[in-house]
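The next block holds one structure in the form of structure tokens; read it before the comments.
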Amino acid sequence: MPDTTPKIVSFEDTLSAFFAAITTDAAPLATQFPILQAIISIYCQQPLEDIYQFALDDESASVAINRLKKNLQTCAPEQVKPLNSPLTYLLDELICNIQQHAQTDKGYAYLHHNAEQHCIDIAIADLGITIYGSYVAAQKHLDRLGDSDAEALNLAQNGYSVKNLPDTENRGYGISSNMRMVVKGLGGEFAVLSGNALLLYSQDTKKILSLPSEIDFKGTMIIVRIPDQVPNNFNLYTYTS
Amino acid sequence: MKQIINIQEKFGTELHTRQMVERLAASLNAADSYLLDMSGVMQISRSAADELYNLTHGNMSVDLINVEPFVEKMLSSVKLGRFLPRQRPATDTPIIHCETIGNVLQQLSAR
């Protein structure tokens, strides 16, 4: 009997399957694609062996970053060297964001090399106060925010930080620069789920979805897909200033 | 006499987080002068570099020596970011209100 389960191929397929799985009984889809299992598990706060949970002190955060890079070393040794700088930049900034803003005591990380599709799937998440909650806690940009997780995502992706110095915009690079690096520099795809908003950024589209009320993630999850070959003209510093 | 602090000995070859540098800053005495020996520190995050910039351009006497090329470039990026106006898109990213899960799936399948 032929398998009629829809095949998950693209990044959008993965996100679609995630939303279908958490709102209906579409569990079989989750077994198809490793990152889908991971993001469902984080969302539902169910432990999964492949998800690395780490404390947010410096030492644990460093161990987490090095462990993820070691995972890549094991499963895709040829890709490690060219990907080392962008991958380290991505993991450093996203984990640092959790430390600085999420008001929680641990983070979650997942990295998988999808050899069939020549890409690396990554999820970095926390069950903290969400991006919206971070702006509210800092009493920043409240006039624009209203009660909207989607507006908070819009501010974050444009690099509006809650912790700039008084005379310079020295912060707010974590999400904004990594988005550009992943999509424009590496040809990948980037999504942020925070509260009940989803930012989706890929080669074809950039939009923020304000999600139905039944979807309300108590935290922030960054989901990234990066091709496993780094373009020859990639320059990390294009995205860091 | 400036005190020399070997950063690799203290933190290893990679400075991942802003908190690492904040912790270093908290351990320094404002009345003393320091040289941070960066030899062997091969990776630094932008956040850690930003905090290092704050430390070396603040009220304390703190300078860097033996900075490796990658770290030097990241510090240059941070310095540039301090003086250039932040680049932001002229138009906002559209926010699409999805009332149902069906709307969400439709948006995800629409390119």
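Just so it is clear: chains get the letters A, B, ... in the order the sequence lines come, proteins before strands, and each one is counted from 1.
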Determine yes or no for a side-chain-to-main-chain donor-acceptor pair under 3.5 angstrom, with Gln99(A) supplying the side chain and Gln19(B) the backbone. no

From Ser210(A) OG over to Glu99(B) CD, what is the distance, rounded to the nearest 0.5 angstrom? 8.0 Å

Check each atom of Ile215(A) against the heavy atoms of chain B and say whether the ones under 4.5 Å are side chain, backbone, both or neither. side chain

Please look at Ser47(B) and chain A and tell me whether the side chain, the backbone, both or neither of the residue comes under 4.5 angstrom of a heavy atom of that chain. both

Tyr89(A), part contacting chain B, at a heavy-atom distance under 4.5 Å: side chain

Spacing of Leu108(B) atom CG and Phe11(A) atom CZ [to the nearest 0.5 Å]: 9.5 Å

With only heavy atoms counted, which part of Phe70(B) is less than 4.5 Å from chain A, the side chain, the backbone, both or neither? both

Interatomic distance, OG1@Thr88(A) vs CD1@Ile44(B), rounded to 0.5 Å, equals 12.5 Å

Taken to the nearest 0.5 Å, the spacing of Ile95(A) CD1 from Ser45(B) OG works out to 10.5 Å

Working to the nearest 0.5 Å, report the span between NZ of Lys73(B) and OG1 of Thr240(A). 10.5 Å

With heavy-atom distances below 4.5 Å as the criterion, would you say the side chains of Pro212(A) and Asn103(B) are in contact? no

Pick one of side chain, backbone, both or neither for Gln157(A), based on which atoms fall under 4.5 Å of a heavy atom in chain B. side chain

Measuring only between side-chain heavy atoms, which start at C-beta, is Arg46(B) closer than 4.5 Å to Asp92(A)? no

Is Asn29(B) atom CG crowded by more than 12 heavy atoms from other residues, nucleotides or ligands, each under 6.0 Å away? yes

Please classify the contact of Leu15(A) with chain B as side chain, backbone, both or neither, using a heavy-atom distance under 4.5 Å. both

Any Lys/Arg nitrogen of Arg18(B) or Glu93(A) sitting under 4.0 Å from an Asp/Glu carboxylate oxygen of the other? no

Region of Ser148(A) that comes under 4.5 Å of a non-hydrogen atom in chain B: neither

Note: vs chain B, highest number of non-hydrogen pairs under 4.5 angstrom among Glu59(A), Lys206(A), Gln203(A) is Lys206(A)

Does the side chain of Val104(B) reach to within under 4.5 Å of the side chain of Leu209(A), using non-hydrogen atoms? yes

Measure Asn196(A) against the heavy atoms of chain B and call it side chain, backbone, both or neither at under 4.5 Å. neither

Let me know if Leu198(A) has heavy atoms under 4.5 Å from chain B in its side chain, its backbone, both or neither. side chain

Interface check, chain A: of Ile101(B), Leu80(B), Leu15(B), Thr100(B), most non-hydrogen pairs under 4.5 Å belong to Ile101(B)

Kindly indicate whether the side chain of His16(B), heavy atoms from C-beta on, has any atom under 4.5 Å from the side chain of Asp58(A). no

Do other residues, nucleotides or ligands put more than 12 heavy atoms under 6.0 Å from the NZ atom of Lys2(B)? yes

Side chains of Gln43(B) and Asn84(A) in contact at under 4.5 Å (non-hydrogen atoms): yes

Test your reading of the model: is there a side-chain donor-acceptor pair from Lys207(A) to the backbone of Gln107(B), 3.5 Å cut-off? yes

Side chain, backbone, both or neither: which part of Glu22(B) has a heavy atom under 4.5 Å from chain A? side chain

Value rounded to 0.5 Å, distance of CG in Leu211(A) from SG in Cys98(B): 6.5 Å

So which part of Leu153(A) gets closer than 4.5 Å to some heavy atom of chain B, the side chain, the backbone, both or neither? neither

Do Ser62(A) and Met20(B) have side-chain heavy atoms sitting under 4.5 Å apart? yes

